[in-house]
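Each remark here refers to the structure printed beneath this line.
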There are 2 protein chains.
Amino acid sequence: MYSTILRYSNSEFIMLETHTEERTHGSCNKMLLPVSDALYVLSGKWKIPIIIALTFGNKRFGQISKEIPKITDRMLAKELRELELNQLVSRKVYDTIPVTVEYTLTDYGATLQPVIEELAKWGFHHRERMFGETQK
Amino acid sequence: MYSTILRYSNSEFIMLETHTEERTHGSCNKMLLPVSDALYVLSGKWKIPIIIALTFGNKRFGQISKEIPKITDRMLAKELRELELNQLVSRKVYDTIPVTVEYTLTDYGATLQPVIEELAKWGFHHRERMFGETQK
DNA sequence: GTAAGTACTATACCCATGTATAGTACTATA
DNA sequence: TATAGTACTATACATGGGTATAGTACTTAC
């Protein structure tokens with residue numbers, strides 16, 4: 001399903017890089033490409049919620065499912081698979097009955113924290129600006 | 001098309017906030033909500049490219065169109081409209097013949113720079129990690 | 001009168017993402 | 001026997017974001 005290329009980035013913006021002659025500002029591309037890479041890895045409705053959930057400790061499938069209201073099993077399984085492919089999350093199977101599976105944010109996944117914090121900081125100010133009230 | 005609520009955030013995650021009893025970690029929500037707000041504002045395939053383009057100077061519709069390969073007029077018009085709604089971009093119409101329209105990144109839009117830089121930084125390292133080579 | 005340059009809008013369609021609902025395989029417990 | 005708990009998978013469907021292609025309205029230049 002995910003080729004080596006797709007695993008780390010989408011192809012659209014790789015292509016952008018090869019067409020620099022069409023852009024006036026080279027530095028523009030230098031930002032666009034990595035930003036697109038980052039957003040691609042975080043793409044979809046559930047990856048950030050899952051990552052945030054795992055920053056508060058290792059969790060099992062069922063626990064994550066309970067902590068993220070409205071996510072379906074299918075989506076959770078799919079997103080965890082993608083996060084594992086990108087080495088942001090690791091999966092450990094325990095030989096219990098029934099089998100339990102523990103998901104952990106990898107050290108690499110933890111490097112996303114500054115990104116998420118910056119997004120949170122901006123989102124927080126945006127909310128203040130739009131509503132003029134502080135989030136409790 | 002966009003209600004007052006939708007203009008600043010998606011409704012899914014507003015709902016999350018009201019269901020805190022289902023979450024084990026309250027601080028989890030405190031991050032999730034603003035992060036979702038931020039990602040909502042930046043959502044879609046073209047907003048970041050447009051914002052990055054405008055950080056290098058005010059531009060007209062046609063110029064932006066040329067600088068972002070493959071974007072269609074329809075998408076560009078739509079995304080610019082949304083960015084304007086969120087006050088990240090301002091639109092100035094000049095009484096020339098034919099009419100020219102200049103788009104500017106607002107001061108508020110410029111506050112996204114740290115966010116975008118953090119995304120770029122992470123994306124850059126991600127690319128290095130996945131390819132083991134530095135982007136030229 | 002027709003092309004060209006401006007900034008769009010209209011219409012129809014495609015497809016990836018996400019949803020809804022059910023089913024699998026295993027075993028312990030009542 | 002059947003229910004419950006684990007972690008999923010299968011199938012079908014819906015939706016919305018994006019694409020493709022064309023058309024609008026205005027005026028100047030050829």
Side-chain angles (χ1 to χ4, degrees), chain A residues 1-3 6-7 9-13 15-16 36 39-50 53-54 58-85 89-104, chain B residues 1-3 6 10-13 15-16 36 39-50 53-54 58-85 89-104:
Chain A
M1 191 181 184
Y2 289 91
S3 73
L6 282 180
R7 206 178 86 202
S9 175
N10 67 31
S11 51
E12 291 298 329
F13 291 111
M15 190 219 58
L16 277 184
S36 305
L39 288 179
Y40 181 79
V41 167
L42 299 176
S43 72
K45 190 171 174 179
W46 303 110
K47 289 201 193 68
I48 298 256
I50 292 170
L54 290 179
N58 304 349
K59 306 229 165 75
R60 286 182 291 110
F61 188 91
Q63 290 180 301
I64 303 174
S65 170
K66 262 175 236 142
E67 289 197 10
I68 303 179
K70 302 214 121 183
I71 193 170
T72 60
D73 287 355
R74 182 192 197 271
M75 276 301 108
L76 181 52
K78 202 186 128 216
E79 300 288 63
L80 283 171
R81 229 180 296 134
E82 289 180 28
L83 288 170
E84 204 195 344
L85 266 178
V89 160
S90 69
R91 200 182 105 109
K92 208 185 290 175
V93 182
Y94 288 95
D95 198 13
T96 55
I97 288 167
V99 173
T100 53
V101 180
E102 194 188 56
Y103 290 94
T104 308
Chain B
M1 191 177 184
Y2 289 91
S3 72
L6 281 179
N10 66 32
S11 50
E12 292 297 330
F13 291 110
M15 190 219 58
L16 278 184
S36 304
L39 287 179
Y40 182 79
V41 167
L42 300 176
S43 71
K45 188 173 176 178
W46 303 109
K47 290 203 191 69
I48 299 254
I50 293 170
L54 291 179
N58 303 349
K59 307 232 165 74
R60 286 181 292 109
F61 189 91
Q63 290 180 302
I64 304 174
S65 170
K66 261 175 237 142
E67 289 197 9
I68 303 179
K70 302 213 121 183
I71 193 169
T72 60
D73 286 355
R74 181 194 198 272
M75 276 300 108
L76 182 51
K78 202 186 128 215
E79 300 288 63
L80 283 171
R81 229 181 296 133
E82 289 179 28
L83 289 170
E84 204 196 345
L85 267 177
V89 160
S90 69
R91 202 182 104 108
K92 209 185 288 176
V93 182
Y94 289 96
D95 199 13
T96 56
I97 287 167
V99 173
T100 52
V101 181
E102 193 187 56
Y103 290 93
T104 307

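Residue numbers start from 1 in every chain, and the chains themselves are labelled A, B, ... in the order their sequence lines are given, proteins ahead of strands.
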Original post:
How many angstroms lie between atom CG of B:L42 and atom CD1 of B:I50, to the nearest 0.5 angstrom?
Top reply: 11.5 Å
Original post:
Bend across the helix from C:dG1-D:dC30 to C:dA30-D:dT1, to 10°, with axes taken over 5 pairs at each end?
Top reply: 40°
Subject >> Atom pair CG (B:L39) and CG (A:L39), whose distance is rounded to the nearest 0.5 Å >> reply: 7.5 Å
Original post:
When rounded to the nearest 0.5 angstrom, what distance separates CG in A:L80 from OG in A:S90?
Top reply: 11.0 Å
Subject >> Partner residues of A:Q63 under the side chain to side chain donor-acceptor pair (under 3.5 Å) criterion, sequence neighbours left out >> reply: none
**OP:** Return the value, rounded to whole Å, for the distance between atom CG of A:D95 and atom P of C:dA28.
**Re:** 13 Å
**OP:** At under 4.0 Å between heavy atoms, which parts of nucleotides 4-9 of chain D does protein reach? Answer with one letter per nucleotide, 5' to 3': B base, S sugar-phosphate only, - none.
**Re:** -BBSBS
Subject >> Partners passing side chain to side chain donor-acceptor pair (under 3.5 Å) against A:T100 (at least two apart in sequence or in another chain) >> reply: A:T96
**OP:** Could you tell me whether the side chain of B:Y103 reaches within less than 4.5 Å of the side chain of B:V89, counting heavy atoms only?
**Re:** yes
Subject >> Any residue meeting side-chain contact (heavy atoms from CB on, under 4.5 Å) with B:E84, in chain and number order, not counting sequence neighbours >> reply: B:R91
Original post:
Does D:dT19 have OP1 or OP2 sitting under 4.0 Å from an N or O in the side chain of B:K45?
Top reply: yes
Original post:
Taking only residues two or more places apart in sequence or in another chain, which ones pass side-chain contact (heavy atoms from CB on, under 4.5 Å) with B:S43?
Top reply: B:K47
Subject >> Whole-Å distance separating the CD1 atom of A:I68 from the C1' atom of C:dT19 >> reply: 16 Å
